[in-house]
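The structure is given below, and queries will be raised subsequently.
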Amino acid sequence: MQSDDAQYLKRKVKPGNIDVHPTEKALVVHYEVEASIRGERGDAVHEERKECQKIIRLKSLNASTDVALLARKVVEECKLIHPSKVAEVEHLLFYLQNRKKPGKEKKLMKPRELTPFEGMEIDEEANINKIDEYVELLYENIPEKIRGSTLILHLARNPDNLEELLRNETALGALARVLREDWKQSVELATTIVYVFFCFSSFSQFHGLITHYKIGALCMNIIEHELKRYDLWQDELDKKILNIPLRDEDPDNLALRKDHEKAYKKYQSLLVKQEQLLRVALYLLLNLAEDTRTELKMRNKNIVHLLVKTLDRDSEELLVLVVSFLKKLSIFLENKNDMAELDTVEKLARLVPCEHEDLLNVALRLLLNLSFDTGLRSKMVQVGLLPKLTALLGSESHKQIVMCILYHISIDDRSKSMFAYTDCIPQLMKMVFEHGEERIDSELISFCINLAANKRNAHIICEGNGLKMLMKRALKFKDPLLMKMIRNISQHDGPLKQLFLDYVGDLAAQIGPDEDEEFVIECLGTLANLTIPDLDWELLLREYNLVPYLKDHLKPGSAEDDLILEVVIMIGTVSMDDSCAVMLAKSGIIPALIELLNEAPAYLIDLMHDKNTEIRKVCDNTLDIIAEYDEEWGRKIQSEKFRWHNSQWLEMVESRQMDEAEPYLYGDDPDGLEQADLFYSTGKSRISNLSLSLSLSLSLSGTILGQYIFK
């Protein structure tokens, strides 16, 4: 092309896709630049296209940023983004806002990513076509067996070779035989062969092969044996240390020290090899444990005991594996109970915190699983985990798990007071107020609710403007859970109740039919807790016209039971003021209370079978009192208790009654159940009344009915 043929250069920009930066808080805008050189007549003489990208860094983006506003700003300032893509930009910004920080969250090592170990190196490249030669080496001495199994291992580490190896039963049979016969003679040989079978265990379809050669059971024996050897090594080292006197002037003492140093170096070398064997054997078992039936067999062979014993080791790679295995096992009650007996929590306490992110993460997850047990939660407090966990609340990668563990600990009344001696509460308050207009996380607010139930914690929460800021947020967002936290604070006697005098009007203003019922319940409960002599209840009731609301919600069925209960408690608190008691009596509330009281026995009868033991106990005692003073209710209560104790027998009778179409339950022979016709015949002698009297049940003691009465 001649330069004088060109007249002008035309440049055209074509916008492309928008994406997020893989590591930074930034957007990547892709676009295409098309440059063309035009001739005298305007036709293109030469054209070039180039793909480019522009990075828009968003340093101000954080958890409280308004992504909608930021998206509009980005589109306005960047000419490469069309205004129609505001919604797409907002979606990408929301993703960036919630994406975990790079480098914080590390992926746990997968079993099939097991790193090579010392001794795997070999001066020959393994070839699948020479597999028969490698198998022949397995029939020689230990060094040749190690070489042959290592070459086979190099083949097995390539997944493409596994199918071919699977078809070679001679090779697999020889490996299994050598492992079974010679694993005690050479740790290297045992590690190499177990590693070969581990490669198969990484794929579920090959688990049958491992089961066929009983490699899993053999690995259990190997692990148990190696742990015993470790104990013997430790004992020998301890004895050598004890034999060394404190003074070292004597030449004999120097010899003893050198002997100890030599033994220690040998111990370190043996320990490295042993931990390699333990890692590969445990990884294989972990893979096999995908099948719960196989996992049950491992439990029967005491796998939990072996794993907990291994927690004393220092190798972080081995500990990651062991803790991961325990975490998987801990979801079953029997395994969790075994861990409780073996002092697992004490052993885990030394791992929190630790510099190894994967190990810390999996240890916290195991503690979370164990924290569902009341006894283990108490143990966590006893071993000093509370301040350690509290210190991890500031870590973004571990905050969520730690919050859940601490929430479980805060359930127990005896543990609640311990939080006052840590910096946990100030951290939680900061998190609550940093949420902006977003709803507070359920784990965070639930944790705060539990802590507020303790008086010492409540004082710390209310320090400074704590209560004022909580109340302001709760009233602004009508948050029932935050108001529940405030309600828990209001239940404590002393100076704390006086702090609520400034907010009585605000709380009363929330009580009305137009407000959210859950929020109203918490506001009513908070007011009902304020048994303060200085509070003018009469003025409050008149100013906010609360009496009609209270009266309307006393009618059975007018509202949920929780709201009716709070209304009754509120009336009880208000009635402590003589002038208010007169006002309520004149309004006609007393008949409504009496009518509501008549419904109480039926409600208590429903709760008589509640899962909670304490609730059942209270209901039984209350129903006994009611039965003493009201004969009619006494008969109903007695009948219901009888029905509950004999429910299985009654269900059998009921099913027999409903089956009118079949004259004989156990076949066509009318004489087959001649004696049982007393109870099950289809004629007049059938028991038709399911509400059998207690006298009938006693007269039939020793029969089927009696079996369910006298347990």
Side-chain angles (χ1 to χ4, degrees), residues 109-120 122 126 128 131-132 134-135 137-139 142 145-226 273-291 293-295 297-298 301 303 306-307 317-318 321-322 324-325 328:
M109 186 188 296
K110 293 181 180 178
R112 66 189 62 177
E113 293 173 357
L114 188 65
T115 54
F117 56 87
E118 185 181 351
M120 275 185 60
I122 199 163
I128 191 69
I131 185 67
D132 292 337
Y134 306 154
V135 173
L137 292 172
L138 298 177
Y139 294 90
I142 295 295
K145 288 178 179 178
I146 293 175
R147 181 177 180 81
S149 59
T150 303
L151 287 165
I152 296 173
L153 172 58
H154 279 264
L155 294 175
R157 292 192 72 210
N158 183 353
D160 297 335
N161 294 328
L162 292 179
E163 290 282 358
E164 183 70 25
L165 290 172
L166 182 67
R167 289 192 287 269
N168 195 325
E169 293 184 8
T170 304
L172 295 176
L175 286 169
R177 176 189 59 78
V178 172
L179 179 63
R180 192 164 46 249
E181 295 176 357
D182 299 332
W183 66 267
K184 287 184 180 180
Q185 297 184 38
S186 170
V187 174
E188 292 91 341
L189 179 61
T191 305
T192 305
I193 297 177
V194 173
Y195 205 146
V196 172
F197 286 103
F198 161 78
C199 294
F200 284 98
S201 74
S202 298
F203 302 92
S204 301
Q205 61 265 39
F206 298 136
H207 285 186
L209 162 78
I210 299 168
T211 305
H212 173 72
Y213 289 108
K214 299 181 179 180
I215 303 300
L218 193 53
C219 283
M220 291 285 294
N221 294 336
I222 291 172
I223 293 168
E224 186 176 5
H225 176 77
E226 292 301 325
K273 294 179 180 180
Q274 187 188 68
E275 287 179 348
Q276 291 169 351
L277 176 56
L278 289 175
R279 280 182 64 206
V280 71
L282 286 170
Y283 259 132
L284 184 146
L285 293 176
L286 180 59
N287 287 345
L288 294 181
E290 289 178 4
D291 186 346
R293 292 171 299 180
T294 306
E295 185 177 308
K297 292 178 182 178
M298 294 181 193
K301 287 183 172 289
I303 184 67
L306 298 177
L307 290 169
E317 289 77 12
L318 178 60
L321 167 63
V322 171
S324 300
F325 208 153
K328 183 182 187 305

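Predicted, not measured: the structure shown is a model, and the values here were computed from it.
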Notebook entry, point to check: From Ile222 CD1 over to Trp183 CH2, what is the distance, rounded to the nearest 0.5 angstrom?
Noted result: 5.5 Å
Next item on the list: Look at the side chain of Lys328 and the backbone N and O of Ala289, then say whether any donor-acceptor pair between them is shorter than 3.5 Å.
Entry: yes
Checklist line | With sequence neighbours excluded, residues passing salt bridge (charged side-chain N to carboxylate O under 4.0 Å, His left out) with Glu181 | finding: Arg177
Margin query: Listing request: all salt bridge (charged side-chain N to carboxylate O under 4.0 Å, His left out) pairs with a residue in residues 208-219, at least two apart in sequence or in separate chains.
Written below: none
Next item on the list: Return the minimal non-hydrogen interatomic distance between Ala217 and Lys301, and the atom names on each side.
Entry: CB-CE, 4.4 Å
Next item on the list: Ignoring hydrogens and angles, tell me if any N or O in the side chain of Glu226 forms a donor-acceptor pair with the backbone of Gln274 under 3.5 Å.
Entry: no
Notebook entry, point to check: Are Leu278 and Leu321 close enough, and set up right, to give a side chain to side chain contact (heavy atoms under 4.5 Å, CB included), and what steps lead you there?
Noted result: CA-CA 10 Å; Leu278 289 175; Leu321 167 63; over 6 Å; no
Notebook entry, point to check: At what distance, to the nearest 0.5 angstrom, does OG of Ser324 lie from CG of Leu286?
Noted result: 7.0 Å
Next item on the list: Kindly determine whether Asn168 and Asp132 satisfy side chain to side chain contact (heavy atoms under 4.5 Å, CB included), including the steps that lead there.
Entry: CA-CA 9 Å; Asn168 195 325; Asp132 292 337; 4.0 Å; yes
Next item on the list: Please report the shortest heavy-atom distance between His207 and Ser201, naming the atom on each side.
Entry: NE2-O, 2.8 Å
Item checked: Test salt bridge (charged side-chain N to carboxylate O under 4.0 Å, His left out) applied to Glu164 - qualifying residues, sequence neighbours left out -> Arg167
Margin query: Between Phe206 and Glu163, is there a side-chain heavy-atom distance shorter than 4.5 Å?
Written below: yes
Notebook entry, point to check: With side chains defined as the heavy atoms from C-beta onward, is the minimum distance between Phe197 and Cys219 less than 4.5 Å?
Noted result: no
Notebook entry, point to check: Are Leu175 and Tyr213 side-chain neighbours, meaning at least one heavy-atom pair lies under 4.5 Å?
Noted result: no
Checklist line | Closest non-hydrogen atom pair between Val196 and Ala156, with its separation | finding: CG1-CB, 4.2 Å
Check: Between Ile146 and Ser186, which heavy-atom pair has the shortest distance, and what is it?
Finding: CD1-OG, 3.6 Å
Next item on the list: With the side chain counted from C-beta on, respond yes when Val178 and Ser149 share a heavy-atom pair under 4.5 Å apart, and no when they do not.
Entry: no
Checklist line | pair Leu306-Met220: side-chain heavy atoms closer than 4.5 Å | finding: yes
Checklist line | Between CZ on residue Phe198 and OG1 on residue Thr191, distance to nearest 0.5 Å | finding: 13.0 Å
Next item on the list: Working to the nearest 0.5 Å, report the span between CG of Leu155 and CG of Asp160.
Entry: 11.5 Å
Next item on the list: Report yes if the side chains of Asn158 and Ile128 come closer than 4.5 Å at any heavy-atom pair, otherwise no.
Entry: no
Item checked: Check: Leu307 and Ile223 side chains under 4.5 Å, non-hydrogen atoms -> no
Notebook entry, point to check: Which value, rounded to the nearest 0.5 Å, describes the distance between Leu151 atom CG and Tyr134 atom OH?
Noted result: 5.0 Å
Notebook entry, point to check: If you count the non-hydrogen atoms of other residues, nucleotides and ligands that lie under 6.0 Å from CD in Glu169, is the total more than 12?
Noted result: no
Check: If you measure from CG on Leu172 to CG on Leu166, what distance do you get to the nearest 0.5 Å?
Finding: 6.5 Å
Next item on the list: List the steps and the verdict of side chain to side chain contact (heavy atoms under 4.5 Å, CB included) for Gln276 and Tyr195.
Entry: CA-CA 10 Å; Gln276 291 169 351; Tyr195 205 146; over 6 Å; no
Next item on the list: Taking all non-hydrogen atoms of both residues into account, name the closest pair between Gly216 and Ile210 and its distance.
Entry: N-CG2, 4.3 Å
Next item on the list: Sort out for me which residue in Leu179, Leu277, Ile142 forms a side chain to side chain contact (heavy atoms under 4.5 Å, CB included) with Leu189.
Entry: Ile142
Check: Would a 4.5 Å heavy-atom cut-off, applied to side chains only, mark Arg180 and Leu218 as touching?
Finding: yes
